[in-house]
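The shown structure was predicted, so the numbers you read here are calculated from the model rather than taken from an experiment.
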Amino acid sequence: MQTIKTLPVLGAVALLAISLTGCSTATPVENADAACDAYSSFVGVVAEAKSSIDASSSIGDIAAARDDIKAEYAALNESLADVTTDRQIALEAAWGELDNTIAELDDTLTVPEAIQAVQGSVADVESAQEALAADLTC
């Protein structure tokens with residue numbers, strides 16, 4: 001009876017996992033490019049608002065400028081979230097590989113041999129960590 005109750009929960013969890021991973025089919029490079037484009041659009045709309053709002057502007061004009069900025073800000077945040085997710089996924093994968101490499105080390109290896117066996121995985125973690133910490137460059 002317990003198994004029957006568990007199946008719908010497992011099905012719901014599987015559907016949630018599929019829906020979360022299926023949200024974006026863009027590559028990390030495409031996500032970074034989209035974030036750069038969104039950043040450029042945001043900078044442009046802020047500059048446009050700055051130059052167009054003056055003493056002759058109405059409250060409606062100011063509100064319209066705010067609405068334009070708000071839309072670009074939302075698009076930028078979404079793009080930045082995709083880039084961050086890509087970097088987090090890369091770090092998680094690199095860590096998983098390092099963890100597995102160390103867990104599977106042969107007990108008969110010498111310390112220098114063990115170090116050599118994990119160096120590539122450590123470098124991958126370091127690279128993913130640096131990418132996660134790096135500012136987005138466009």
Item to check | CD on E78 to CG on N31, rounded to 0.5 Å | outcome: 10.0 Å

Item to check | Any T101 side-chain heavy atom under 4.5 Å of E97 side chain | outcome: yes

Checklist outcome for this item: Here the pair of heavy atoms bringing A35 nearest to L80 is CB-CD2, 4.2 Å

Checklist entry - Under 3.5 Å, is there a donor-acceptor pair between the side chain of N100 and the main chain of G96? => result yes

Next on the checklist: Using a 3.5 Å distance criterion without hydrogens, assess whether the side chain of E30 forms a donor-acceptor pair with backbone atoms of T27.
Outcome noted: yes

Checklist entry - Quick one: do I89 and W95 end up in the same hydrophobic cluster if we chain Ile, Leu, Val, Met, Phe, Trp and Tyr together by side-chain heavy atoms under 4.5 Å apart? => result no

Item to check | Point-to-point distance, once rounded to the nearest 0.5 Å, from CZ of R87 to CG of D82 | outcome: 12.0 Å

Checklist entry - Mind checking whether V122 and L105 sit in one hydrophobic cluster, side chains of I, L, V, M, F, W, Y counted as touching below 4.5 Å? => result yes

Next on the checklist: Test: side-chain hydrogen bond (donor to acceptor under 3.5 Å, both in side chains). Region: residues 40-52. Which pairs qualify, not counting sequence neighbours?
Outcome noted: none

Item to check | Reported CD1-to-OG1 distance for the pair I115 and T110, which is rounded to 0.5 angstrom | outcome: 8.5 Å

Next on the checklist: According to a hydrophobic-cluster definition based on side-chain heavy atoms being under 4.5 Å apart (Ile, Leu, Val, Met, Phe, Trp, Tyr only), do I69 and I53 belong together?
Outcome noted: no

Checklist entry - Any chain of hydrophobic side-chain contacts (each under 4.5 Å) joining I62 to V46? => result no

Checklist entry - Looking only at heavy atoms, what is the nearest atom pair of A34 and S79, with distance? => result O-OG, 3.8 Å

Item to check | Between CG on residue L76 and OH on residue Y39, distance to nearest 0.5 Å | outcome: 8.5 Å

Checklist entry - Got a sec: does the CD of E113 have more than 12 other heavy atoms crowding it under 6.0 Å? => result yes

Item to check | Reported CD-to-CG distance for the pair Q119 and L98, which is rounded to 0.5 angstrom | outcome: 12.0 Å

Checklist entry - Quick one: CG on D124 to CD on Q129, what's the gap to the nearest 0.5 Å? => result 12.5 Å

